[in-house]
Number of protein chains: 2
Amino acid sequence: MVTLDNKRHQHYKEVFFIKAFQEFFHQFLLLSRPFEHHLNNELGKHRLYRAQWSILYYIANNDSATLVELAHYQRIEKPTVTRTVTRLEEQGYLEHIPGKDRREKRMQLTTHGKKVYEDVRVTIDQFEKEILAHIPEEDQLAGIEMMKTIRMNLISRENSK
Amino acid sequence: MVTLDNKRHQHYKEVFFIKAFQEFFHQFLLLSRPFEHHLNNELGKHRLYRAQWSILYYIANNDSATLVELAHYQRIEKPTVTRTVTRLEEQGYLEHIPGKDRREKRMQLTTHGKKVYEDVRVTIDQFEKEILAHIPEEDQLAGIEMMKTIRMNLISRENSK
DNA sequence: ATAATTAGTTATCTTGGGTAACTAATTTAC
DNA sequence: GTAAATTAGTTACCCAAGATAACTAATTAT
């Protein structure tokens, strides 16, 4: 009887009381694929992809950026940035503004790029609002802070290793 | 003077009061790449990748699964599942248990697979705990619910389109 | 019994990460 | 002031993990 109860108890624990941190990242992964998928669908209407959009977003909010700046911010390698920026340049959304340091390639939105960003922004705003339905702004703000903290924890791990 | 104040005000709004839903998904993207990167680093110690780990996780928590079940749950296409499951089979972590319906391929962990899962679990638990440092369990639980809601909003969008 | 559906596979494409090795420009050290 | 070290960016190439299209085999529905 005791043995059976122990077994039941164990089963109960395993199935229903998964640890919060496990469940947290499980849900994070379960959300990130579909989110990226849908985001790319929306962006596809404007012939864009997530990686390109991330760069447009950064530059739209910071006026200009160098490739290294983008790489550091997004925590990706320089060659990845080079490739994506090149595509955006080819599409006529970004242009190179020369600065003092002739090594660096500082990019800004072209007039066309600004126009496109604003257009896409409308689509994406709509999309993001829709999928945040029923989530109070207060919780959204708490979520933002949480993600920032986790990101910082990740980054400090990098440096200490 | 009025014009200048307006300009300042506008600038202030744009730079410091980005809408919550924009910032939410911006942070989500900023977190998901580094998270996957670090997760893969940890998994690499055991010669695993994120996609494989997701499948091991699901089967470890559900005893067995068919490929279609995995595809539906993770919202990915069947060929993607086939490939990843095949790798896990080759590594000797999964085995096919025949059922009534001879079309479906129901998979379960092998003894070796169970052992490996438990080993990796320790590494990943440690990793996940570390990067959730300074986040109260209460907030983690709120985050879990938020991600579930967003995921459901995404899925219901799919169906209505 | 035939038609439609379902589970899984194979072939092939694509995005977007990564590393290694390089050039050109700038800074630092001597 | 020059040589060495560092930094920004590029090129070539690799790979994981998603996707679609077209297929077979098994099962269900008509």
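Letters A, B, ... mirror the listed sequences (proteins, then strands); counts begin at 1.
Residue B:Lys148 places its NZ atom among more than 12 non-hydrogen atoms of other residues, nucleotides or ligands, all under 6.0 Å distant.
Residue pairs meeting the side chain to side chain donor-acceptor pair (under 3.5 Å) criterion with at least one member in residues 136-145 of chain A, sequence neighbours excluded, do not occur.
B:Arg103 has no side-chain polar atom (N or O) that falls below the 4.0 Å cut-off from OP1 or OP2 of C:dT6. Close to C:dT9, at under 4.0 Å from its OP1 or OP2, lies a side-chain N or O of B:Lys105. Taking side-chain N and O atoms only, A:Thr82 has no distance below 4.0 Å to OP1 or OP2 of D:dG9. For D:dA25, the OP1/OP2 oxygens have no side-chain nitrogen or oxygen of B:Arg102 closer than 4.0 Å. Between C:dG17 and A:Arg50, a contact under 4.0 Å exists linking OP1 or OP2 to a side-chain N or O.
A:Glu95 meets the side chain to side chain contact (heavy atoms under 4.5 Å, CB included) test with A:Gln108, A:Thr110; sequence neighbours excluded. Listed by chain and number, the residues in a side chain to side chain contact (heavy atoms under 4.5 Å, CB included) with B:Ser54 are A:Leu29, B:Arg50, B:Gln74 (sequence neighbours excluded). Applying the side chain to side chain contact (heavy atoms under 4.5 Å, CB included) test to B:Glu69 and every residue at least two apart in sequence or in another chain returns B:Tyr58, B:Ala65, B:Thr66, B:Arg106.
Ion pairing between A:Arg83 and A:Glu77 fails under the 4.0 Å rule for side-chain N and carboxylate O.
Across residues 22-33 of chain B, not one residue has a non-hydrogen atom less than 4.0 Å from an atom of DNA chain D.
Nearest-nucleotide positions on DNA chain C for B:Leu67 and A:Asn40 put B:Leu67 closer to the 5' end.
Shown here for B:Asn153 and A:Ala133, the closest heavy-atom pair between the two residues is ND2-O, 3.0 Å.
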Every protein N/O lying under 3.5 Å from an N/O of nucleotides 19-22 of chain D:
from	atom 1	to	atom 2	distance (Å)
D:dA19	OP2	B:Glu77	N	2.8

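Using a 30° and 60° split on the angle between ring planes, B:Phe25 and B:Phe28 fall in the perpendicular class, above 60°.
Residue-level contact check: A:Thr86 touches neither bases nor backbone, having no heavy atom under 4.0 Å from any strand.
For A:Glu36, whose side chain is taken as the heavy atoms from C-beta onward, the closest listed nucleotide among C:dA25, C:dG16, D:dA26 is C:dG16.
Residue A:Asn41 contributes atom CG, which lies 12 Å from atom C1' of D:dG18 at whole-angstrom precision.
A cation-pi arrangement is present between A:Arg151 and A:Tyr73 under the rule of less than 6.0 angstrom and at most 45 degrees off the ring axis.
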